[in-house]
Structure formats: C-alpha cells, structure tokens
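This is the structure, below, for whatever I ask next.
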Amino acid sequence: MKFFVDTANLDSIKEARDLGILDGVTTNPSLMMKEGITGTENIESHYKKISEIVSGDVSAEVISTDFDGIVEEGKRLAAIAPNIVVKVPMIREGIKAISWFSENGIKTNCTLVFSAGQAILAAKAGATYLSPFIGRVDDISWDGISLIREIAEVYSIQGYDTEILAASIRSPKHIVEAAKNGADVVTCPLSAMLGLLKHPLTDIGLEKFLADYRKGNA
Ligand code: E4P
C-alpha cells in the first residue's frame, strides 16, 4: 500500500518525505486555503514547490465544474510538473473530463467519492486514482471502511486498474483498516502517519534495553 500525505504544508511534506516512506501528496482547495495560498499564480507556484519536494504523484485539484473549464485547468496543472495528477470532482462533467484526460495521457484522481456506483463510473472513465472519503462517511454515522471493502471487491471482480486511494483518514486505525480492506493508497495527515509508530510496549521495551546497556557499559 502506498502512503500519501494529505496537506499543502511544505514542512509537513518534507517531514513525511524524510521518513523515507512517502509515495506522494494530495491537496485540496481547503488545504491550500489553510496555508494561506490564494490566487492562481501563487497556487500554481505552490504546486511546483510540492512537486519538487517529492518524486511521487502530487494531486492538484481543479476548481472548474464544466467540461471545458476542467480540461483547460487540468492541462495547466499537469504542465507544472511531470508528477502532477489532476484531481477532479465526481460530477457528470468531471467524469467526461477524466475520460478526456485518460485518452490524452494525463493522470487523474477522482475525488469526493462516496459510493461504489461512483467508483465504477470513475474506473470506466479511466481515472488513475479514486478517492473515497472514509472519515466523512463515518461523520454521518455510516461506515467508511465498508465502502473501501465494497469498492475493492467490485474492482477486483471487474479487473479495473484504477487505484483505490483511501482519503479523509482521521486516525492510525483508519490506515490499518484501509490496508486490511483493499486500499491501494492511503492519504492522511502527518499526525495519523506518525501515530502508527506509537505502542507503549515499544517505549517500555526500549527503555529497558537502554537501561540494561547502561548498566553493563557504565
Ligand atoms: C482527499 O484527497 C482530501 O484532501 C482529504 O482526504 C479530505 O479529508 P477531510 O475529510 O479530513 O477534509
């Protein structure tokens, strides 16, 4: 399973990259806004900076919602760097645009996915990645992880190539459950990634090993 970090914060991206396990980055307009990045020029130059920090795929989201606008914006974003993936919302015009990008060799990430039916449409259109938002499904008392499992089953039966990118991850447990249920990629905040490190027995065990070493090597 690949690990993407879900942020537009350059320090977090560098920290995740320095762990040596980072495969890519996802962003969205809210994450860009959180970093205070506004205006087309600044947004595009920020994507350029991100794409230079990591060698893996970097999802850059379009704002347009009509076919022509999505295609124009996507072409501009894809031209920023070879590792830019155009992130397109799961809407009718988005599906048309994903088909166009797929036919024209531009990678895509179909975002805001909440059902297996939407996942089938995105795969048929040739999306490179599919982003089901598991945390937001949990937020309304449904089960985000079941959605990952259902999509993974459908994709396996149908032999679709689209990679399932479990998004809206809120905890280390989400990461493990996404892995168990067939996600090809998880995208999460750095805090959730670092949360995987934690186990009290690791801390207790390390403390004991170091104390014993000190006793024997004082
Ligand atoms: C996915 O690519 C989105 O950027 C993200 O995972 C959304 O997460 P949120 O529901 O925590 O905003």
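These values consider heavy atoms only, across backbone and side chains, with no hydrogens, waters or symmetry-generated copies. Note that ligands are numbered from 1 as they come in the structure, with each ligand's atoms numbered from 1 the same way. All of these numbers come straight from a predicted model, not from anything done at the bench.
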Check against side-chain hydrogen bond (donor to acceptor under 3.5 Å, both in side chains), N28 and E61: CA-CA 6 Å; N28 63 41; E61 188 158 344; 5.3 Å; no
Whether over 12 other heavy atoms sit under 6.0 Å from D212 CG: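 Above 12, so yes.
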Atom indices of ligand 1, in the order listed, that fall short of 4.0 Å to a heavy atom of A167: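 So the answer, numbered in order with elements, is 1 (C), 6 (O).
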Closest protein heavy atom to atom 5 (C) of ligand 1, given as residue, atom name and distance to 0.1 Å: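 Looking at atom 5 (C) of ligand 1, the protein heavy atom closest to it is D6 OD2, 2.9 Å.
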Short N or O distance, T111 and ligand 1, threshold 3.5 Å exclusive: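 No.
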K49 side chain near I13 side chain, heavy-atom distance below 4.5 Å: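 Answer no - side chains too far apart.
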Nitrogen or oxygen atoms of S168 and ligand 1 under 3.5 Å apart: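 N/O-N/O distance below 3.5 Å exists for this pair.
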Atom 11 (O) of ligand 1: the protein heavy-atom neighbour that sits closest, reported with distance to 0.1 Å: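 The protein heavy atom lying closest is R170 NE, 3.3 Å.
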Nearest protein heavy atom with distance in Å, relative to atom 4 (O) of ligand 1: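 For atom 4 (O) of ligand 1, the nearest protein heavy atom comes out as N28 ND2, 2.7 Å.
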Distance-only N or O hit between ligand 1 and K87, under 3.5 Å: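 Yes; the residue has a nitrogen or oxygen that sits under 3.5 Å from a nitrogen or oxygen of the ligand.
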Identity and distance of the protein heavy atom lying nearest atom 12 (O) of ligand 1: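 Residue, atom and distance for the closest contact: R136 NH2, 2.8 Å.
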Exceeds 12 heavy-atom contacts within 6.0 angstrom, atom CZ of R17: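 For R17, atom CZ is crowded (more than 12 foreign heavy atoms under 6.0 Å).
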Contact check, side chains of L165 and D184, non-hydrogen atoms, under 4.5 Å: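 Answer no - side chains too far apart.
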Charged N-O contact under 4.0 Å between K107 and D57: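 Yes, K107 and D57 are salt-bridged.
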